[in-house]
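Single-structure report; data block below.
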Protein chains: 2
Amino acid sequence: MPSESTAARAASKSARTRQRLLDAAAEVLGEKGFAGSRLVDIADRAQVQAPAIYYYFPSREDLIEEVMHTGAAAMRAHLQRTLEGLSPASPMDRITAAVEAHLRVELELSHYARAIIRNANQLPEPVSRRALAEVARYNDVWRGLLADLQAAGALRPGLDPAVARMFVLGALNWAAEWWDPERGALDALVADVQSMVRHALSA
Amino acid sequence: MPSESTAARAASKSARTRQRLLDAAAEVLGEKGFAGSRLVDIADRAQVQAPAIYYYFPSREDLIEEVMHTGAAAMRAHLQRTLEGLSPASPMDRITAAVEAHLRVELELSHYARAIIRNANQLPEPVSRRALAEVARYNDVWRGLLADLQAAGALRPGLDPAVARMFVLGALNWAAEWWDPERGALDALVADVQSMVRHALSA
DNA sequence: ACCGTTTTCGAATCTGCGTTAGAGAAGACC
DNA sequence: GGTCTTCTCTAACGCAGATTCGAAAACGGT
């Protein structure tokens with residue numbers, strides 16, 4: 001039996017390789033999409049040969065499935081943590097905070113988020129089931145934010161909350177398609193987008 | 001030499017098959033994405049066997065390339081026709097009209113637009129070159145719309161016009177991911193989105 | 001230094017799909 | 001009805017990429 005520290009180190013080495021594979025898969029998925037992501041690309045990026053993947057995952061689909069699920073869960077966790085960290089705030093302020101949370105996790109914090117955003121709608125059924133359930137819960141949080149806004153009378157009358165929600169999420173998600181981390185700080189983007197969202201929804 | 005009418009009929013039959021293939025390809029591309037689109041699916045949808053494709057196109061990539069190029073050109077043509085058809089209008093009214101044009105071509109008029117929107121950013125270089133050039137020109141039109149708005153002092157101060165443009169186009173493009181033609185009329189969506197865009201940008 | 005376990009790799013297999021080849025059907029014109 | 005052209009199909013090829021296998025390497029404990 002290994003001593004505590006070595007066991008920890010051993011476990012962590014294996015765990016770290018596994019993690020490298022997941023991270024690599026998330027990156028490739030975010031760039032090439034589900035059908036375009038080859039195991040060789042993922043393996044390369046994780047500094048391994050392709051067959052090594054099968055030591056950690058039963059199949060390509062299982063690996064991808066885990067990336068998707070992790071990504072969706074991370075987005076929701078980040079959003080909910082952000083909202084809970086808010087001192088009592090107006091519905092609109094909560095939405096503004098959610099906008100920032102979404103953009104940061106999408107563009108700065110997590111390749112997994114990018115993978116989710118760009119692939120959620122083009123995955124084959126078996127792979128997407130668990131992930132889509134998680135995405136649905138994420139959407140539920142936003143549905144709540146919009147409902148609160150409307151209940152407070154702060155949503156422009158006539159606007160369908162469902163359309164408003166997809167409008168905002170669409171604008172946010174699309175940033176993954178064009179935002180270039182190289183040029184310009186994220187802060188400026190966040191501020192502009194918050195301003196536009198606020199005015200797009202306000203009564 | 002065939003008589004006029006039969007020549008026309010013959011030509012049109014061949015042309016129609018070719019067209020069916022392009023249409024089928026546009027639909028499949030819009031659903032599965034570039035890497036996920038198989039020739040068999042396209043052929044099936046066009047009521048042909050896969051090898052028949054090669055009578056009309058040199059390769060899969062050429063077929064797809066033409067779909068992309070056609071799609072991008074169609075979007076731009078539709079947008080420009082719409083704008084030209086406008087009696088002198090304020091910059092904001094022009095943008096509102098552009099919003100409707102974009103949504104209609106994306107959701108109602110053309111599978112090609114959907115194909116472009118969902119694939120423009122994940123195509124391999126060789127296929128995307130011509131299409132992306134066309135997309136760039138489409139973006140230029142929008143860039144002009146935003147510039148005019150700003151010049152007229154009607155863009156909220158502080159907003160980066162480039163960010164504003166991507167924000168709006170993102171919200172519009174994302175509709176391809178969730179809008180279900182089955183339920184609800186497009187008119188309602190258009191009205192809501194126009195309202196949100198207007199307020200998002202207004203000074 | 002030696003042994004068992006964990007982890008990785010090179011080589012081989014299997015499968016799906018783009019593509020080619022060549023023969024046959026469907027017309028068009030005489 | 002014959003023949004030439006246009007179009008489409010069936011069968012087969014070749015490659016790329018997922019997966020499997022068995023052996024080697026790396027590692028931890030003694």
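Just so it is clear: chains get the letters A, B, ... in the order the sequence lines come, proteins before strands, and each one is counted from 1.
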Rounded to whole Å, how long is the line connecting atom [atom1] of [X] with atom [atom2] of [N]?
X: A:Ile53; N: D:dG17; atom1: CD1; atom2: P; answer: 13 Å
X: B:Phe57; N: C:dT20; atom1: CZ; atom2: P; answer: 15 Å
X: A:Arg60; N: D:dA16; atom1: CZ; atom2: P; answer: 17 Å
X: B:Asp44; N: C:dG18; atom1: CG; atom2: P; answer: 12 Å
X: B:Phe34; N: C:dC17; atom1: CZ; atom2: P; answer: 14 Å
X: B:Ile42; N: C:dT19; atom1: CD1; atom2: P; answer: 11 Å
X: B:Ile64; N: C:dG18; atom1: CD1; atom2: P; answer: 9 Å
X: A:Leu21; N: C:dT8; atom1: CG; atom2: P; answer: 8 Å

Going by the rule side-chain hydrogen bond (donor to acceptor under 3.5 Å, both in side chains), which residues pair with B:Asn119 if we only count those two or more places apart in sequence or in a different chain? none
Name all residues meeting the side-chain hydrogen bond (donor to acceptor under 3.5 Å, both in side chains) criterion together with B:Glu27; count only those two or more places apart in sequence or in a different chain, and write none if there are none. B:Arg45
Nearest to the side chain of B:Tyr54 - C:dT20, D:dT19, D:dT8? C:dT20
Side chain of B:Tyr55 (C-beta onward), nearest among D:dG17, C:dT6, D:dC7: D:dC7
Could you tell me whether the side chains of B:Thr96 and B:Asp93 share a donor-acceptor contact shorter than 3.5 Å? no
Walk me through whether B:Ser195 and B:His199 qualify under side chain to side chain contact (heavy atoms under 4.5 Å, CB included). CA-CA 6 Å; B:Ser195 165; B:His199 287 83; 3.9 Å; yes
D:dT6 phosphate, OP1 or OP2, under 4.0 Å from B:Ser14 side-chain N/O: no
May I ask you to evaluate whether A:Thr17 reaches the phosphate of C:dT8, defined as a side-chain N or O under 4.0 Å from OP1 or OP2? yes
With salt bridge (Lys or Arg N to Asp or Glu O under 4.0 Å) as the rule and sequence neighbours excluded, what pairs involving residues 32-42 of chain B come up? B:Arg38-B:Asp41
What pairs with B:Arg20 under salt bridge (Lys or Arg N to Asp or Glu O under 4.0 Å), at least two apart in sequence or on another chain? none
Reading nucleotides 9-15 of chain D from the 5' end, what letters show protein touch, with B for base, S for backbone sugar-phosphate only, - for no heavy atom under 4.0 Å? SBB----
Could you check whether B:Tyr56 gets within reach of a base, just the sugar-phosphate, or nothing at all, counting any heavy atom under 4.0 Å? sugar-phosphate
Would you list the atom pairs, donor with acceptor, under 3.5 Å between side chains in residues 124-136 of chain A and any protein atom, with sequence neighbours excluded?
residue  : atom : partner  : partner atom : Å
A:Ser128 : OG   : A:Pro124 : O            : 3.4
A:Ser128 : OG   : A:Glu125 : O            : 3.0
A:Arg130 : NE   : A:Glu65  : OE2          : 3.1
A:Arg130 : NH2  : A:Glu65  : OE1          : 2.8
A:Glu134 : OE2  : A:Arg76  : NE           : 2.8
A:Glu134 : OE2  : A:Arg76  : NH2          : 3.0

